[in-house]
Structures are given as C-alpha cells and as structure tokens.
Amino acid sequence: MAVNIYDTANQMESDLRQTTEYLDLAKAFEDMKKDQKAYDLFKEFQEIQANLQQKQMNGEDLSDAEMDHAREVANKVGDIEVVKTLMDKERNLNQLLNDVNQIITKPVQELYRN
C-alpha cells in the first residue's frame, strides 16, 4: 500500500495551526503589530538579519559598521516588551517544530545507525 506523505504533511500543517504554540505566536504577533514603533523596528531588524545572512551565504565579509548597526537595532528590539513576548512564543513554536522534526526523521537516523 503506497502512502501519500504529502497528505500527511498537509494534515500536519492544518494541525500546527491549531496548536497552543502557534496560536500564542499569532496572538503575540498581532499584539506587537498594534505598537507601530515596535512593529517598524521589528521589520527593520528582520531586514537587517536577512541582508547579513545573504552576505554570509555569498561569502562576503561583513563590515564593522554593519555589525554595529545590527547590534544596535537588536538591542533596541530586545528592550521592547511586546517583541520579547513574541520571541518567547517563537522559541516555544521552534521547540515544537524541532520535536516534530526529530520524530519525522527518526527512520533515517535509525537507518544510518545500523
């Protein structure tokens, strides 16, 4: 009997949206968006992170000015309570996803252990 793993994945996607971790993250994100200053700073922080990651992936060196600016924005973001709450909820969801990933990849891990 063939298994359509994509059906299972789609069901997991639907189930994920109903977990406490996801719902808590969604609420924290909505709460943060209500604070325009916090939201704008958060978006700036995300953009800086993405740019730095892209440069690293391309093998480009990061300038001291870029690193200083990233640290400065990270410190500002880290001082905002709604962003701290969001990041806490994000960590909880990431833990859930890591747990699920370990379960999903268990057959492959076992295969290579033998």
Side-chain angles (χ1 to χ4, degrees):
M1 176 176 163
V3 174
N4 186 343
I5 201 162
Y6 293 102
D7 289 342
T8 304
N10 285 319
Q11 182 61 49
M12 286 183 67
E13 182 262 344
S14 178
D15 291 347
L16 176 65
R17 292 177 187 273
Q18 298 173 46
T19 64
T20 301
E21 292 83 356
Y22 177 82
L23 295 171
D24 287 351
L25 177 62
K27 182 183 181 319
F29 186 66
E30 287 304 314
D31 289 346
M32 185 200 53
K33 284 172 55 178
K34 291 175 186 173
D35 181 337
Q36 191 62 51
K37 181 180 174 186
Y39 185 55
D40 289 345
L41 196 56
F42 179 77
K43 289 191 309 188
E44 180 183 356
F45 178 66
Q46 284 185 311
E47 185 177 318
I48 290 169
Q49 278 188 313
N51 289 338
L52 293 179
Q53 286 174 348
Q54 186 63 46
K55 281 188 159 196
Q56 286 179 323
M57 287 174 32
N58 290 339
E60 299 175 37
D61 290 331
L62 304 177
S63 71
D64 289 340
E66 289 172 318
M67 294 303 295
D68 289 343
H69 181 63
R71 275 191 284 276
E72 177 187 328
V73 174
N75 288 336
K76 286 180 185 177
V77 167
D79 289 338
I80 301 172
E81 196 60 40
V82 291
V83 176
K84 283 197 259 186
T85 300
L86 175 72
M87 292 177 159
D88 182 50
K89 301 304 179 186
E90 191 175 283
R91 273 190 295 279
N92 293 342
L93 180 61
N94 280 334
Q95 182 60 54
L96 174 66
L97 293 172
N98 285 335
D99 293 347
V100 169
N101 187 51
Q102 284 185 333
I103 294 167
I104 291 170
T105 59
K106 187 175 182 178
V108 177
Q109 293 169 7
E110 289 175 351
L111 178 69
Y112 285 113
R113 264 191 235 136
N114 294 329

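The pair Lys76-Asp79 fails the salt-bridge criterion, with no side-chain N (NZ, NE, NH1 or NH2) lying under 4.0 Å from an Asp/Glu carboxylate O. With respect to Lys84 and Glu81, a salt bridge is recorded, a charged nitrogen being found less than 4.0 Å from a carboxylate O.
With rounding to the nearest 0.5 angstrom, the CG atom of Asn92 is 10.5 Å from the OG1 atom of Thr19. Rounding to the nearest 0.5 Å gives a distance of 11.5 Å between CG of Leu62 and CG of Asp68. A distance of 8.5 Å separates CD in Glu21 from CG in Leu16, rounded to the nearest 0.5 Å. The CG atom of Asp35 sits 6.5 Å away from the CD1 atom of Ile80 when rounded to the nearest 0.5 Å. A distance of 8.0 Å separates CD of Gln53 from CE of Met57, quoted to the nearest 0.5 Å. Note that CG of Asn94 and CE of Met87 are 11.5 Å apart. Values are rounded to the nearest 0.5 Å.
Annotation: side chain of Asn51 is not in contact with side chain of Glu66 (no heavy-atom distance under 4.5 Å). Val83 places none of its side-chain heavy atoms less than 4.5 Å from the side chain of Phe45. With a 4.5 Å cut-off on side-chain heavy atoms, Val82 and Lys34 do not count as touching. The shortest distance between side-chain heavy atoms of Gln11 and Thr8 does not fall below 4.5 Å. No side-chain heavy atom of Leu96 sits under 4.5 Å from any side-chain heavy atom of Thr20.
Under the 3.5 Å distance criterion, with hydrogens and angles disregarded, a donor-acceptor pair is assigned to the side chains of Asp99 and Gln95. Between the side chains of Asp40 and Gln36, a donor-acceptor pair is found at a separation under 3.5 Å.
Atom CG of Asp64 has 12 or fewer neighbouring heavy atoms from other residues, nucleotides or ligands inside a 6.0 Å radius. The number of heavy atoms from other shown groups lying within 6.0 Å of CG (Asp61) does not exceed 12. Crowding of Leu111 atom CG: a count of heavy atoms from other residues, nucleotides or ligands under 6.0 Å exceeding 12. No more than 12 heavy atoms of other residues, nucleotides or ligands lie within 6.0 Å of CD in Glu47, so this atom counts as exposed by the packing criterion.
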Assess whether side chain to side chain contact (heavy atoms under 4.5 Å, CB included) is satisfied between Gln102 and Asn98, documenting all intermediate values.
CA-CA 6 Å; Gln102 284 185 333; Asn98 285 335; 5.8 Å; no
Take Lys33 and Glu30 through the test salt bridge (Lys or Arg N to Asp or Glu O under 4.0 Å) and record every step on the way to the result.
CA-CA 5 Å; Lys33 284 172 55 178; Glu30 287 304 314; 3.6 Å; yes
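Of all heavy-atom pairs between Tyr22 and Arg17, the closest is CD2-O, 3.4 Å.
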